[in-house]
2 protein chains.
Amino acid sequence: MATIKDIAKKVGLSVTTVSRALNGYDDVSEKTRKKIQLAAAELKYSPNVAARSLVTNRTQTIGLLVSGLNQEGAKDHFMFDILNGLNHKASNAGYDLVLFSTDSAKQRVKSYTQLCRERRVDGVILQGIRLDDPYLQEIIESDIPCVVIDIPVRSSKVGHVTTDNRQGAKKAVDYLLQHGHKQIAFMNGHGQAHVSQERLLGYQDALQEAALTVTQALIYNGEFSEYKAEVEALKLFKAKPEATAVFCASDLMALGVMKAAKRMRLRVPEDVSIIGFDNITLAEYVNPGLTTISQEPFQMGIEACAILLSLLTGEETSKQSILPTTLIERESVAFVRS
Amino acid sequence: MATIKDIAKKVGLSVTTVSRALNGYDDVSEKTRKKIQLAAAELKYSPNVAARSLVTNRTQTIGLLVSGLNQEGAKDHFMFDILNGLNHKASNAGYDLVLFSTDSAKQRVKSYTQLCRERRVDGVILQGIRLDDPYLQEIIESDIPCVVIDIPVRSSKVGHVTTDNRQGAKKAVDYLLQHGHKQIAFMNGHGQAHVSQERLLGYQDALQEAALTVTQALIYNGEFSEYKAEVEALKLFKAKPEATAVFCASDLMALGVMKAAKRMRLRVPEDVSIIGFDNITLAEYVNPGLTTISQEPFQMGIEACAILLSLLTGEETSKQSILPTTLIERESVAFVRS
DNA sequence: CTGAAAGCGCTAACAG
DNA sequence: CTGTTAGCGCTTTCAG
């Protein structure tokens with residue numbers, strides 16, 4: 001593999017000049033630059049980024065640190081869409097993405113900070129991390145520029161991007177309210193997700209605004225899992241047959257709830273209305289079509305990358321971004337039967 | 001950021017000893033090793049992989065080179081599943097994944113070989129590359145170990161993994177034949193995909209075995225796009241109303257064909273039977289459920305990584321892997337009306 | 001406009 | 001068991 005030295009030898013110049021010519025410095029005559037570029041091409045030269053970053057201390061690499069990357073993620077394509085947005089923005093800015101995935105097993109070996117330091121990533125984007133994650137605090141407090149998705153953290157070297165979950169949840173419940181529902185159950189995710197906390201607040205906001213009382217017995221946790229939600233919904237439908245609607249904190253869970261309804265011989269939306277959150281692809285294809293609150297993971301990826309990039313350049317911009325939601329009307333919500 | 005030198009200074013030993021202690025060489029006393037490890041922890045030392053790879057010439061990094069990574073890919077989660085399998089295997093082997101994504105625009109700037117050389121990836125996995133890709137040949141002929149997905153290449157430093165597409169396609173058409181269909185259309189992808197070529201062969205095999213003639217007028221190309229397939233299917237249904245079944249080279253295209261059928265007021269499966277390929281998540285949720293040939297992208301990722309790893313260690317194993325398919329029966333195929 | 005020299009952090013002979 | 005030395009490929013003062 002040709003090095004800068006080989007080029008220098010070939011054209012009879014010093015490595016310094018070659019380096020500067022190739023990096024576009026203007027203190028080199030166009031004539032020699034041409035000569036050097038030609039030689040570089042002939043030798044099929046590629047710069048060695050390892051050598052470069054050893055001296056510059058920058059790697060032009062962004063880490064993507066994901067917890068719980070697995071096949072489940074194919075159904076809700078949240079992670080994939082974020083990756084896409086990230087990649088889109090990052091590659092345009094000349095950065096490459098390196099993927100760090102962890103799970104509870106691997107965490108014990110290396111902390112997130114370790115992972116990032118070893119690879120000397122210029123910055124990192126965190127996704128799918130729980131609030132009680134043992135390594136979250138450490139990396140936030142480190143000097144590694146990072147932006148975390150769906151956890152509101154605030155510090156000089158940390159940004160975050162999330163969806164307006166509270167508002168989104170309120171929209172969903174308001175919509176149910178407008179359809180005459182008064183006994184509205186809530187299938188939430190779990191307590192260690194910030195989005196769940198927010199969506200719970202939105203649920204409460206809506207009910208309170210409608211002068212309805214929030215009853216704990218109508219709130220379940222489906223752990224963001226389709227199957228778990230189905231199991232919980234079965235309990236719900238048995239314990240609270242008076243519930244005429246359920247707001248689900250994710251579309252995947254909404255699918256689980258629909259399955260439960262079917263098993264209980266409850267028709268959607270005639271007997272029970274269901275509204276989801278996310279607007280995953282399945283929501284559109286499923287029968288009946290799932291009414292839901294859409295969020296934009298692709299855009300989140302874009303924004304996350306933009307914030308990180310500004311963190312890297314030291315540019316003074318907003319370090320947070322909260323994206324709006326929109327209600328997507330389909331067929332899973334109906335007016336309550338009188 | 002602490003270096004090996006800082007540790008050496010702190011414990012009063014040479015950098016060599018520190019290096020060897022940390023890398024688990026056995027020619028260092030357990031006592032000094034302990035001391036060094038302690039000092040390393042205290043200084044929050046992380047090895048600098050750039051420096052290391054500069055001398056070892058290995059980066060412990062695998063490149064994943066994808067063409068056409070975009071949001072469409074969320075629906076068929078092929079890429080995501082592969083990524084998952086890859087990541088699973090790679091991270092267990094101590095490799096990190098770096099993502100290179102290209103599209104027709106970016107390709108002109110840097111060849112795949114360039115990309116890989118600069119980052120000095122130890123090996124690379126190629127996915128989503130068309131047969132007529134201008135840079136495919138170059139990287140295959142380079143000395144970079146690589147394994148390509150869904151293109152059969154054979155050379156000492158190149159492996160490949162794919163699905164038994166010909167056999168899979170034959171299964172699909174056989175199944176249609178068993179249901180009495182004789183006028184079977186084929187919605188293929190495009191000519192620059194090896195899988196399309198194979199699936200076409202499988203389609204022909206089945207028809208010939210049944211002593212039916214293959215008529216070009218029943219074969220369309222949907223470019224693996226849902227929308228394009230819908231448009232083409234509309235033409236098909238108009239031009240060839242005698243067709244009672246269509247085999248689609250991807251589930252996504254099958255969905256497009258279903259939409260076209262609906263627009264033509266053709267019922268699936270009563271008026272027209274449809275069978276897909278891939279077994280994407282949607283296939284199960286759609287109505288009617290889509291009968292299809294399943295392949296295992298996650299497993300492909302695993303195998304691809306395994307082959308690459310063996311290429312890296314120079315281990316002598318098979319450099320190719322062809323995965324079997326299975327027929328998934330759902331509701332989109334019926335017996336032909338007599 | 002060009003070159004010499006130092007050094008980024010690490011590993012790897014080779015001695016002792 | 002430990003240390004000396006050289007060098008990976010590159011950028012970056014500092015001189016000329």
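Protein chains get the first letters and strands the later ones, always in sequence-line order, with residue 1 at the start of each. We use all heavy atoms of the structure for the numbers below, so side chains are in, but hydrogens, waters and symmetry mates are not.
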Checklist entry - Among D:dT11, C:dG9, D:dT2, which nucleotide sits nearest the side chain of B:V28? => result D:dT2

Next on the checklist: Using the side-chain heavy atoms of A:T3, tell me which of these nucleotides is nearest: C:dC10, D:dG9, D:dT2.
Outcome noted: D:dG9

Next on the checklist: Less than 4.0 angstrom between a side-chain N/O of B:T32 and OP1 or OP2 of D:dT2, yes or no?
Outcome noted: yes

Next on the checklist: Ignoring hydrogens and geometry beyond distance, is the side chain of B:T16 in donor-acceptor contact with the base of C:dT11 at under 3.5 Å?
Outcome noted: no

Item to check | Global bending angle along the helix from C:dC1-D:dG16 to C:dG16-D:dC1, which compares the axes of five pairs at either end, to 10 degrees | outcome: 30°

Item to check | Spacing of B:L54 atom CG relative to D:dT11 atom P, expressed in whole Å | outcome: 12 Å

Checklist entry - For C:dC1, does OP1 or OP2 lie under 4.0 Å from any side-chain N or O of A:S29? => result no

Checklist entry - Relative to the 5' end of DNA chain D, which residue comes earlier, A:Y45 or B:E30, by the nucleotide with the nearest heavy atom? => result B:E30

Checklist entry - Of the nucleotides C:dA13, C:dC10, D:dC10, which one has an atom closest to the side chain of B:A51? => result C:dC10

Next on the checklist: Between B:G12 and A:T56, which residue's closest nucleotide on DNA chain D lies nearer the 5′ terminus?
Outcome noted: B:G12

Next on the checklist: Tell me whether the side-chain N/O atoms of B:T17 come closer than 4.0 Å to OP1 or OP2 in D:dT2.
Outcome noted: no

Checklist entry - What residues form a side chain to side chain contact (heavy atoms under 4.5 Å, CB included) with A:Q71, not counting sequence neighbours? => result B:D81, B:N84, B:F298

Item to check | C:dT11 phosphate, OP1 or OP2, under 4.0 Å from B:Y25 side-chain N/O | outcome: no

Item to check | Nearest-Å distance for atom pair CG/P, residues A:L22 and D:dG9 | outcome: 16 Å

Checklist entry - To the nearest Å, how far apart are B:M1 CE and C:dC8 P? => result 15 Å

Checklist entry - Among C:dC10, D:dG3, D:dG9, which nucleotide sits nearest the side chain of A:N48? => result D:dG9

Next on the checklist: From the set C:dG9, D:dT13, C:dC10, return the single nucleotide nearest to any side-chain atom of B:P47.
Outcome noted: C:dC10

Checklist entry - Given D:dC8, is OP1 or OP2 found less than 4.0 Å from the side-chain N or O atoms of B:N57? => result no

Next on the checklist: What I want to check is whether an N or O donor and acceptor connect the side chain of A:R20 with the base of C:dG3 at under 3.5 Å.
Outcome noted: yes

Checklist entry - Can you find a pair of side-chain heavy atoms, one from B:D133 and one from B:Y112, that are under 4.5 Å apart? => result yes

Next on the checklist: Please report the interatomic distance CG(A:L86) to CD(A:Q127), rounded to the nearest 0.5 Å.
Outcome noted: 9.5 Å

Next on the checklist: If the threshold is 4.0 Å, N to carboxylate O, is there a salt bridge linking A:D143 and A:R117?
Outcome noted: yes

Item to check | Atom-to-atom span, CG of B:D6 to C1' of C:dG9 - whole angstrom | outcome: 10 Å

Next on the checklist: Rounded to whole Å, please give me the gap between CG in B:D26 and P in D:dT2.
Outcome noted: 12 Å

Checklist entry - Using a distance-only test with no angle check, is there a side-chain donor-acceptor pair under 3.5 angstrom linking B:D122 and B:T59? => result yes

Next on the checklist: Distance check needed: C:dC10 C1' versus A:R52 CZ, whole Å only.
Outcome noted: 20 Å

Checklist entry - Is it the case that A:S142 and A:T113 place a side-chain donor and acceptor less than 3.5 Å from each other? => result no

Next on the checklist: Check this for me: B:K319, atom NZ, are more than 12 non-hydrogen atoms of other residues, nucleotides or ligands nearer than 6.0 Å?
Outcome noted: yes

Checklist entry - Roughly, in whole Å, what's the span from CG in B:D27 to P in C:dC14? => result 15 Å

Item to check | Criterion side-chain hydrogen bond (donor to acceptor under 3.5 Å, both in side chains) on B:T61 and B:D96, from CA distance to verdict | outcome: CA-CA 5 Å; B:T61 297; B:D96 284 329; 5.9 Å; no

Checklist entry - How close or far is atom C1' of D:dC1 from atom CG of B:N23, stated in whole angstroms? => result 17 Å

Checklist entry - Taking the side chain of B:L13 as its heavy atoms from C-beta onward, which of C:dC10, D:dG3, D:dT12 lies nearest to it? => result D:dG3

